[in-house]
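Per chain, numbering begins at 1; letters A, B, ... match sequence-line order. None of the values given here were measured: they were computed from a predicted structure.
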Amino acid sequence: MGSFSGDSAYSGLRFDPVLAINRLFRSEVPMIFRWTQQLIPTLREVPGEAEIPSHQWMLRAGLIRKLGAGLYTFLPLGLRSLRKVERIVREEMDRAGALEVLMPALQPPEIWQQSGRYKAAAEVLFKVEDRAGREWLLGPTHEEVITTLVANEINSYRQLPRNFYQIQVKFRDEIRPRFGLMRAKEFIMKDAYSFDATDEGATISYQKMYEAYTRIFQRCGLKTIVVEADTGVMGGKFSHEFVVPADTGEDEVAYTDSGRYAANLEKATSRGPVEPTPSVTTGPAPEKFATPGVTTIEDLAAEPHRVPAHQQIKTLVYIADGKTILALLRGDDQLNEAKFAAAAGTTLFRPATAEECHAALGAHPGSLGAVGVKNVTVLADTLLREARGMVTGANEDGYHLRHVDAARDLAITGWHDLRTVRADESSVETGEPLRIRRAIEVGHVFKLGTKYSEAMNARFLDTDGQQKPCIMGCYGIGVTRTLQAVIEQNWDANGILWPIAVAPVEVEALAINAQHAPSVEAVERVAAELSAAGIDVLLDDRDERAGVKFKDADFVGAPIRLSVGERSLAKGEVEIKLRRTGAVEFVPVADAVNRIRALVAEQWASLKEVGAVREQ
RNA sequence: CGGGGCGUGGCUCAGCCUGGUAGAGCGCCAGCUUUGGGAGCUGGAUGUCGUGAGUUCAAAUCUCACCGCCCCGACCA
């Protein structure tokens with residue numbers, strides 16, 4: 001007992017820099033979690049339902065359990081980590097001057113009709129009926145709600161700017177929930193909405209969120225990259241995504257090694273394909289030639305025709321808002337649907353069926369072309385602007401046309417960037433080769449403009465006495481997804497390697513032999529002192545063999561493990577092991593608390609060195 | 001929704017092809033032994049074999065329908 005009494009700094013009565021740093025980031029009132037009083041159902045075997053490491057570890061470490069596809073219960077340990085992420089998000093949003101609110105998850109469909117998204121976002125909307133048969137929506141996001149609020153409550157430029165946020169459950173009728181929390185039907189999101197009087201103000205609001213996001217992910221111990229992104233159904237002017245590179249990600253991003261360019265593949269541009277587009281006229285007019293059985297770009301590139309893909313014009317037929325639209329690309333390019341949506345001015349489009357193609361152009365896919373087509377919107381990729389001597393379908397099954405000069409022979413409605421960039425193309429700014437890889441989107445910032453404020457009538461009276469729509473931004477973080485992304489980025493063969501800021505507990509303590517009273521007594525005492533010092537501890541007090549407790553400790557992944565064994569205790573020592581590095585040290589029992597506090601402080605400090613790698 | 005796969009005790013899975021009335025390992029309960037990386041022995045509990053219909057003397061097994069789950073694609077934080 002006496003050996004611990006000198007260690008009274010944990011009482012908090014004395015200034016203590018370690019404790020001070022710790023408190024800066026502290027998530028919850030510290031306490032000891034006793035394994036035997038908890039629900040921590042670890043799994044020895046890999047559950048069949050989980051495919052990716054983070055999902056497997058969340059189940060195996062006893063953090064979550066599935067109720068149904070895309071529906072998960074957070075168990076106590078998982079919830080602790082989730083709360084820590086939320087806490088970080090709150091602190092940084094508050095720091096950035098955003099105001100926390102809480103909006104209803106259940107929303108009236110009228111406001112969605114008003115914004116035009118009742119149809120535009122119809123696919124993800126959960127609809128429910130009340131007893132009177134009236135329809136309601138389970139909110140997938142809250143632009144309509146917040147803008148309605150602002151329309152009612154904000155009238156003057158004097159009340160601007162304002163930024164409102166909430167942390168709340170969202171519902172999306174995902175076509176296919178996947179990967180545990182990564183894409184769920186129900187998930188927790190932090191969503192924020194800024195309202196400004198001026199465009200410059202809106203840009204400042206945007207930058208504040210950008211900076212807040214950088215700090216948030218850094219504090220979570222998550223390495224993110226920031227990419228330019230498409231605005232999609234959200235509408236708006238520009239946006240950035242915070243993504244976590246991971247092979248299991250659902251986004252594809254293009255970037256350069258220097259980090260000077262990074263963009264979502266939906267948005268990415270380049271100096272063009274490595275193979276230049278033919279630009280020499282080969283004949284005075286298109287000439288039809290027979291191509292029996294040729295229905296693909298590859299067929300035409302092969303014997304006997306041998307027209308390289310990049311010398312072909314690919315003609316795609318889409319039905320957009322009920323109208324037929326042709327999209328023309330170089331034969332070796334893929335249509336970028338996000339770019340197409342922007343060019344077509346709608347997100348409601350689909351590829352035409354073979355029958356619709358025939359009705360519109362007189363031929364089936366494989367023989368389609370735009371030569372001679374009139375009264376149909378034709379969107380062409382800018383690469384084709386100077387294209388000459390090209391080959392394309394003749395709109396007659398089994399025939400193609402050669403000597404096609406795009407500008408001369410095609411009635412183009414508009415030239416747009418429609419192609420998807422490919423790896424190794426040169427970046428526009430620096431000429432560096434583009435890399436492409438998968439990534440998980442964890443945060444997204446949009447500069448929205450006035451789309452919603454105009455639709456919902458959120459206007460303010462400006463200094464000049466004029467009514468003007470608020471200029472909006474919106475900013476989302478997938479909180480539950482972020483939590484899983486942290487795991488996806490921090491695990492090894494034995495379990496989770498939590499960054500300390502979001503670890504369910506900072507320290508796990510155990511007695512190697514639960515039957516050995518002095519060990520148990522020592523570990524209890526150190527755990528109590530750690531807890532009193534503001535460090536949260538999971539005490540594995542089960543009467544299990546050492547191996548079992550070690551395995552579970554590795555699963556759960558507390559950054560620091562304290563083990564008290566009969567042998568070392570005989571020498572007056574305990575063992576401290578770092579989960580991430582595996583480094584082991586033995587320290588005198590009396591020094592254990594101070595040593596662990598120093599290690600905890602070290603780990604908190606190291607969080608400042610990771611984080612978003614790209615500055616605006 | 002299109003394509004593929006799977007539903008058998010809490011978990012991982014065998015049994016199904018070739019119908020005969022349900023198994024293994026782990027976990028769980030009790031006891032003894034053991035105690036620094038998922039212990040050993042003994043005894044024990046736990047299954048409407050996803051649901052429904054059909055074929056059959058007999059269905060986990062064959063047929064049909066439905067439901068659920070997982071993976072690939074379109075969608076998204």
Look at all strands and tell whether [X] reaches a base, only sugar-phosphate, or nothing, counting heavy atoms closer than 4.0 Å.
X	result
A:Val442	sugar-phosphate
A:Ser568	base
A:Glu174	base
A:Pro140	nothing
A:Ala184	base
A:Gly476	nothing
A:Phe349	nothing
A:Val479	nothing
A:Lys185	nothing
A:Asp251	base
A:Glu241	nothing

Inset, instruction - Using a cut-off of strictly less than 4.0 Å, decide whether A:Arg176 has a side-chain nitrogen or oxygen near OP1 or OP2 of B:rC71. - result: yes
Quick one: [X] [atom1] to [N] [atom2], roughly how many Å, whole number?
X	N	atom1	atom2	result
A:Ile440	B:rA77	CD1	C1'	12 Å
A:Lys549	B:rA39	NZ	P	12 Å
A:Gln515	B:rU33	CD	C1'	12 Å
A:Glu575	B:rG37	CD	C1'	11 Å
A:Glu252	B:rC75	CD	P	12 Å
A:Phe171	B:rA77	CZ	P	17 Å
A:Leu67	B:rC70	CG	P	12 Å
A:Arg60	B:rC11	CZ	C1'	11 Å

Which nucleotide sits closest to the side chain of [X]: [options]?
X	options	result
A:Arg561	B:rG37, B:rA77, B:rG38	B:rG37
A:Arg172	B:rC76, B:rC71, B:rC75	B:rC76
A:Arg567	B:rC69, B:rG38, B:rG36	B:rG36
A:Arg438	B:rG37, B:rG36, B:rG73	B:rG73
A:Ala546	B:rC69, B:rG36, B:rA39	B:rG36
A:Arg178	B:rA77, B:rG73, B:rG36	B:rG73
A:Lys66	B:rA74, B:rA39, B:rC69	B:rC69
A:Ala69	B:rG36, B:rA39, B:rC70	B:rC70

With both distances under 3.5 Å as the test, what is the Watson-Crick or G-U wobble partner of [N]?
N	result
B:rG25	B:rC11
B:rC49	none
B:rG20	B:rC57

Quantified in whole Å, what is the [atom1] atom distance between nucleotide [N] and nucleotide [M]?
N	M	atom1	value
B:rU48	B:rA22	P	13 Å
B:rC64	B:rG4	P	15 Å
B:rU61	B:rU21	P	14 Å
B:rA65	B:rA24	C1'	33 Å
B:rC26	B:rG38	P	14 Å
B:rC70	B:rG37	C1'	32 Å
B:rG50	B:rC11	P	14 Å
B:rA39	B:rG2	P	48 Å

Under-3.5 Å donor-acceptor pair between [X] side chain and [N] base:
X	N	result
A:Ser563	B:rG36	no
A:Glu45	B:rG25	yes
A:Lys551	B:rG36	no
A:Arg183	B:rC75	yes
A:Asn513	B:rG36	no
A:Arg44	B:rU12	no

Inset, instruction - Measure up the A:Tyr213 and A:Tyr475 rings against each other and bin them: parallel (under 30°), tilted (30 to 60°), perpendicular (over 60°). - result: perpendicular
Inset, instruction - For the pair A:Phe349 and A:Tyr318, name the ring-plane relationship: parallel under 30°, tilted 30 to 60°, perpendicular over 60°. - result: perpendicular
[X] and [Y]: side-chain donor and acceptor closer than 3.5 Å?
X	Y	answer
A:Gln515	A:Asp543	yes
A:Thr36	A:Asp541	yes
A:Glu575	A:Ser568	no
A:Ser519	A:Glu566	no

Legend entry - Donor-acceptor under 3.5 Å (A:Arg579 side chain, A:Asp554 main chain): yes
Legend entry - Check: A:Ser194 side chain, A:Gly473 main-chain N or O, donor-acceptor pair, under 3.5 Å: yes
Inset, instruction - May I ask whether A:Phe550 stacks on the base of B:rG38, given the cut-offs of 5.5 Å between ring centres and 30° between planes? - result: no
Legend entry - Single hit among A:Glu228, A:Lys267, A:His444, A:Lys447 for side-chain hydrogen bond (donor to acceptor under 3.5 Å, both in side chains) with A:Ser239: A:His444
